[in-house]
Amino acid sequence: MAHKHIDEATGTPTVGHEWDGIAELDTPLPRWWLITFILCIVLAVGYVIFYPAIPLANPATPGTLGWSSRGDLAKEMAADTSRRAPVFKAIAITPLAQLPANPALLAQAIEGGRAAFKVHCVQCHGAGAAGSVGYPNLNDDDWLWGGDLGAIEHTLINGIRNPDYDETRNSQMPAFGEILGNAEIEAVITHVRSLSGLEKPSLAGATVFADNCAACHGENGKGYRDLGAPNIADSIWLYGGDRKTLKHTITYARGGVMPRWNARLNPVTIKMLAAYVHSLGGGEAGPPPVPAEVAEASTRVDE
């Protein structure tokens with residue numbers, strides 16, 4: 001242990017440590033650094049007193065000001081909800097079929113639906129609603145159960161193939177691998193592809209199709225919406241239209257599922273989602289409204 005002494009070159013005392021002839025100088029810290037350090041300590045103590053800071057078993061210490069980022073968010077959300085309340089109320093009391101008659105309200109419903117779509121639907125249908133393999137493209141005019149506002153809302157409310165809900169949309173194609181032989185499956189694949197102009201017609205395939213598939217898809221393959229049977233003659237494929245994919249579909253069948261949103265979203269949000277999906281480009285016109293006098297006459301007859 002070396003003795004403390006004054007360094008001749010700098011005039012600074014040493015701390016008494018020396019190793020291999022190298023001594024450690026006892027140079028004082030700059031005053032600005034000390035002042036900054038003390039201020040940081042004071043600010044830290046003040047922060048702990050006034051703001052949430054020290055984690056406890058469940059919450060943190062609340063601070064004497066009672067401020068929190070969650071509280072700020074709650075206030076902002078409450079203010080935004082209050083601001084949108086008149087629009088939500090107007091959408092809620094307006095029947096869905098009558099929204100197109102009010103362009104301003106329809107535009108607000110579409111924007112609200114767009115926001116809800118980004119939160120709840122993009123995971124399957126994509127940010128642009130173009131879908132992917134097994135998830136429908138919502139921009140085209142190919143609809144399984146219908147593309148008018150009412151049909152879209154019904155699908156959103158009740159979902160598709162939800163086993164725990166009786167009102168869900170439901171359709172089931174048999175697994176024809178247990179019914180048809182390989183040659184018959186190959187023949188019907190040729191026929192199905194010929195409906196979209198992808199292959200030449202097959203008489204054998206047409207016969208298999210008529211005996212096994214036409215009951216749901218129709219003689220011309222256009223499908224039946226009441227059954228949820230898709231149009232297979234429009235070159236639009238949910239899982240793919242190549243021979244390998246079609247063979248898997250026919251052999252094992254498919255059964256996609258969509259949640260029923262009435263268990264997760266309020267009726268106004270579902271109505272806005274329906275308006276947004278309908279606006280994407282493939283939305284269809286609904287049935288014409290029944291005139292008031294006809295509806296009134298029908299009511300009197302029923303009575």
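Cluster membership for Tyr165 and Leu144, using ILVMFWY side-chain heavy atoms within less than 4.5 angstrom, is not shared. No chain of hydrophobic side-chain contacts below 4.5 Å, direct or via other Ile, Leu, Val, Met, Phe, Trp or Tyr residues, connects Leu105 to Ile93. There is a path of hydrophobic side-chain contacts, each under 4.5 Å, that joins Ile157 to Phe88. Under a hydrophobic-cluster definition in which Ile, Leu, Val, Met, Phe, Trp and Tyr are linked whenever side-chain heavy atoms come within less than 4.5 Å, directly or via other members, Phe176 and Leu227 are assigned to different clusters. In the hydrophobic cluster analysis, where Ile, Leu, Val, Met, Phe, Trp and Tyr join through side-chain heavy atoms closer than 4.5 angstrom, Val268 is grouped together with Leu156.
Side-chain contact between Thr168 and Met258 is absent, with no heavy atoms from C-beta onward closer than 4.5 Å. Taking the side chain as every heavy atom from C-beta outward, Arg169 and His154 approach each other to under 4.5 Å. A heavy-atom distance below 4.5 Å is not found between the side chains of Phe37 and Leu29. You'll find the side chain of His125 stays beyond 4.5 Å of the side chain of Val277, heavy atoms only. Side-chain contact between Phe117 and Leu138 is present, with heavy atoms from C-beta onward closer than 4.5 Å. The shortest side-chain heavy-atom distance between Ile232 and Cys213 does not fall under the 4.5 Å cut-off. Using a 4.5 Å cut-off on side-chain heavy atoms (C-beta onward), Thr251 and Ile185 make contact. Within the 4.5 Å cutoff, the side chain of Leu238 has no heavy atoms near those of the Arg254 side chain.
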- prompt: How far apart are the C-alpha atoms of Ile152 and Trp143, what are their side-chain angles, what is the distance that settles it, and do they pass the side chain to side chain contact (heavy atoms under 4.5 Å, CB included) test?
  reply: CA-CA 9 Å; Ile152 294 172; Trp143 300 96; 3.9 Å; yes
Residue pair Asn137, Asp142: steps toward the side chain to side chain contact (heavy atoms under 4.5 Å, CB included) verdict: CA-CA 8 Å; Asn137 180 356; Asp142 192 66; over 6 Å; no
query: Taking it one step at a time, do Glu167 and Asn262 satisfy side chain to side chain contact (heavy atoms under 4.5 Å, CB included)?
result: CA-CA 11 Å; Glu167 299 300 319; Asn262 64 348; over 6 Å; no
- request: Begin from the C-alpha positions of Thr190 and Glu186 and carry the test side chain to side chain contact (heavy atoms under 4.5 Å, CB included) through to its verdict.
  value: CA-CA 6 Å; Thr190 300; Glu186 292 292 343; 5.8 Å; no
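Scanning both residues, Ala253 and Gln172, for their nearest heavy atoms gives CB-NE2, 4.1 Å. Heavy atoms only, all atoms of each residue included: Ala187 and Ser202 are closest at O-OG, 4.1 Å. Ala275 and Ala109 get closest at one heavy-atom pair: CB-CB, 4.2 Å. Gly241 approaches Arg193 most closely through the heavy-atom pair O-NH1, 2.6 Å. The minimum heavy-atom distance linking Leu149 with Pro100 is given by the pair CD1-CG, 3.8 Å. Of all heavy-atom pairs spanning Ala274 and Leu96, the tightest one is CB-CD2, 4.3 Å.
Ring orientation note: the planes of Trp67 and Tyr51 are nearly perpendicular, at an angle over 60° on the 30°/60° scale. The aromatic rings of His191 and Phe209 are tilted relative to each other, their planes meeting at an angle between 30° and 60°. Between Tyr252 and His248, the ring planes lie tilted relative to each other; the angle falls in the 30° to 60° range.
Between the side chain of Gln98 and the main chain of Pro95, no donor-acceptor pair closer than 3.5 Å is present. Distance alone, capped at 3.5 Å, is enough to place a donor-acceptor pair between the Asn162 side chain and the Ile160 backbone. Side-chain atoms of Ser68 come within 3.5 Å of backbone N or O of Gly71 as a donor-acceptor pair. When atom types are taken as modelled, the side chain of Arg114 and the backbone of Tyr276 share no donor-acceptor pair closer than 3.5 angstrom. Remark: side-chain polar atoms of Asp7 are not paired, donor with acceptor, to backbone N or O of Thr14 under 3.5 angstrom.
Rounded to the nearest 0.5 angstrom, Asn231 CG and Ile236 CD1 are separated by 7.5 Å. Between atom CG of residue Leu73 and atom CG of residue Asp80 there is a gap of 10.5 Å, rounded to the nearest 0.5 Å. To the nearest 0.5 Å, atom OG of residue Ser82 and atom CE of residue Met77 are 13.0 Å apart. Separation of atoms NE2 (His278) and CD1 (Ile110) is listed at 9.5 Å; rounding is to 0.5 Å. Taken from CG in Asp164 to CZ in Arg260, the straight-line distance is 5.0 Å, to the nearest 0.5 Å. Going from atom CD1 of Ile49 over to atom OG1 of Thr61 covers 10.5 Å, rounded to the nearest 0.5 Å.
Shown here is Gln123, whose CD atom has more than 12 heavy atoms of other residues, nucleotides or ligands within 6.0 Å.
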